[in-house]
K.L.:
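This is the structure, below, for whatever I ask next.
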Amino acid sequence: MLKLEELKELITLIDQSSIDEFDYETEGEKVSLRKLKEEVVQVTQQAPQQVMNAPQAPVAPAQQEQQTAPAPVPEAAAKNYDYEITSLMVGTFYSKPNPDSEDFIKVGDRVEKETVVCIVEAMKLFNEITADVTGEIVEVLAENGELVEYGQPLFRVKAN
């Protein structure tokens with residue numbers, strides 16, 4: 001039987017490779033891994049674009065450029081964190097242990113290295129993600145039920 005760590009390593013290797021599908025069978029156990037097609041990934045990235053397509057009053061071309069250009073952010077204000085908690089695998093992000101519970105953590109909560117901050121479900125396995133740092137959560141970057149990628153930042157932490 002594959003251990004959880006072996007399965008995580010396998011998912012990471014498949015995710016970083018050019019392999020799209022992987023099937024493994026031994027002693028009556030079968031593991032099937034499939035990468036999500038780019039089309040699915042684009043769906044999650046299209047959500048912010050829908051907000052931008054909201055009806056707006058017509059504006060002159062010069063004004064459109066000013067509105068779409070990102071506002072300069074002072075570097076000190078842009079980075080108010082020391083550490084990002086990232087997803088260890090491709091899967092579905094869950095901010096709470098079950099639908100009726102409170103979120104594991106929210107902005108302003110203090111976390112320790114062993115604090116469970118979320119669950120990422122991959123292949124029907126629910127993997128608890130721990131903070132791995134002591135500090136304060138300053139930003140939650142993923143929505144409950146959102147598909148997350150390997151290495152995608154989920155939380156930002158001001159370590160102390």
Side-chain angles (χ1 to χ4, degrees), residues 1-17 31-57 64 66-160:
M1 179 172 183
L2 284 175
K3 296 178 182 171
L4 181 59
E5 291 301 319
E6 293 171 329
L7 188 56
K8 286 179 181 179
E9 184 176 330
L10 186 60
I11 290 170
T12 301
L13 290 171
I14 298 296
D15 189 46
Q16 295 173 344
S17 73
V31 175
S32 296
L33 300 173
R34 285 176 186 68
K35 284 186 179 177
L36 296 175
K37 302 291 181 194
E38 279 189 15
E39 300 157 7
V40 174
V41 173
Q42 289 176 351
V43 170
T44 58
Q45 293 174 347
Q46 289 176 351
Q49 293 176 353
Q50 292 174 349
V51 173
M52 295 176 66
N53 292 335
Q56 296 178 353
Q64 285 180 335
Q66 290 177 347
Q67 290 179 348
T68 57
V73 179
E75 189 164 319
K79 187 177 177 187
N80 63 347
Y81 62 95
D82 302 316
Y83 186 82
E84 287 183 329
I85 302 171
T86 59
S87 178
L88 302 176
M89 61 200 75
V90 175
T92 304
F93 171 87
Y94 292 107
S95 62
K96 47 182 114 181
N98 64 59
D100 299 328
S101 298
E102 297 284 322
D103 289 347
F104 284 105
I105 57 168
K106 57 186 180 298
V107 172
D109 283 355
R110 180 155 180 76
V111 294
E112 302 292 329
K113 289 182 179 181
E114 297 81 25
T115 303
V116 175
V117 295
C118 67
I119 292 174
V120 174
E121 179 210 353
M123 297 177 50
K124 309 254 185 226
L125 293 175
F126 292 86
N127 304 285
E128 293 181 338
I129 306 297
T130 55
D132 294 334
V133 67
T134 299
E136 178 184 343
I137 299 294
V138 295
E139 192 171 2
V140 179
L141 303 169
E143 296 287 330
N144 192 40
E146 179 181 338
L147 180 65
V148 295
E149 298 289 331
Y150 169 79
Q152 178 178 337
L154 303 174
F155 301 93
R156 289 186 173 147
V157 180
K158 180 74 174 170
N160 49 19

K.L.:
For E9, give me all partners under salt bridge (charged side-chain N to carboxylate O under 4.0 Å, His left out), at least two apart in sequence or on another chain.
P.N.:
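Applying salt bridge (charged side-chain N to carboxylate O under 4.0 Å, His left out) to E9 gives none.
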K.L.:
If you look only at distance, which donor and acceptor atoms sit under 3.5 Å apart when one is on a side chain in residues 118-129 and the other is two or more places apart or in another chain?
P.N.:
{"from": "E121", "atom 1": "OE1", "to": "Y94", "atom 2": "OH", "distance (Å)": "3.4"}
{"from": "N127", "atom 1": "ND2", "to": "V120", "atom 2": "O", "distance (Å)": "3.1"}
{"from": "N127", "atom 1": "ND2", "to": "L125", "atom 2": "O", "distance (Å)": "3.3"}

K.L.:
Quick one: side-chain hydrogen bond (donor to acceptor under 3.5 Å, both in side chains) partners of D109, sequence neighbours excluded?
P.N.:
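D109 satisfies side-chain hydrogen bond (donor to acceptor under 3.5 Å, both in side chains) with no other residue.
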K.L.:
Please enumerate all residues that pass side-chain hydrogen bond (donor to acceptor under 3.5 Å, both in side chains) together with T130, with sequence neighbours excluded.
P.N.:
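With sequence neighbours excluded, T130 shows a side-chain hydrogen bond (donor to acceptor under 3.5 Å, both in side chains) to D132, given in chain and number order.
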K.L.:
Can you list the residues that meet the side-chain contact (heavy atoms from CB on, under 4.5 Å) rule with E6, with sequence neighbours excluded?
P.N.:
L2, K3
K.L.:
Could you tell me if the side chain of F104 sits less than 4.5 Å from the side chain of P97, heavy atoms only?
P.N.:
yes
K.L.:
Among residues two or more places apart or on two chains, list those pairs meeting salt bridge (charged side-chain N to carboxylate O under 4.0 Å, His left out) that have a residue in residues 86-97.
P.N.:
none
K.L.:
Rounded to the nearest 0.5 Å, what separates atom CD1 in I137 from atom CD1 in I85?
P.N.:
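CD1 of I85 is found 4.5 Å from CD1 of I137.
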K.L.:
Compare all side-chain heavy atoms of V148 with those of L154 and state whether any distance is below 4.5 angstrom.
P.N.:
yes
K.L.:
I'd like to check the salt bridge (charged side-chain N to carboxylate O under 4.0 Å, His left out) partners of E143; sequence neighbours left out, ordered by chain and number.
P.N.:
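Partners of E143 under the salt bridge (charged side-chain N to carboxylate O under 4.0 Å, His left out) test: none.
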K.L.:
Looking only at heavy atoms, which two atoms of A159 and V133 are closest? And how far apart?
P.N.:
CB-CG2, 3.9 Å
K.L.:
Taking 4.0 angstrom as the limit, do R110 and E136 come out as a salt bridge?
P.N.:
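Looking at E136 together with R110, the answer is no, because their closest N to O distance does not fall below 4.0 Å.
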K.L.:
Apply salt bridge (charged side-chain N to carboxylate O under 4.0 Å, His left out) to K8 and list each qualifying residue two or more places apart in sequence or on a separate chain.
P.N.:
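With neighbours one apart ignored, the set is E5.
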K.L.:
Which pairs pass ring-ring contact (aromatic ring centres under 6.0 Å, His included) with one or both residues in residues 141-160, sequence neighbours excluded?
P.N.:
F93-F155
K.L.:
Mind listing the closest non-hydrogen atom pair of G91 and L147 along with its distance?
P.N.:
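Shortest heavy-atom contact: O-CD1, 3.2 Å.
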K.L.:
Under the rule for side-chain contact (heavy atoms from CB on, under 4.5 Å), what residues qualify as partners of D100, not counting sequence neighbours?
P.N.:
N98
K.L.:
Is there a side-chain contact between K158 and N80 (heavy atoms, below 4.5 Å)?
P.N.:
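The answer is no, as the side chains (C-beta and beyond) never meet within the 4.5 Å cut-off.
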K.L.:
Could you walk me through whether V140 and K106 pass the side chain to side chain contact (heavy atoms under 4.5 Å, CB included) check?
P.N.:
CA-CA 7 Å; V140 179; K106 57 186 180 298; 5.7 Å; no
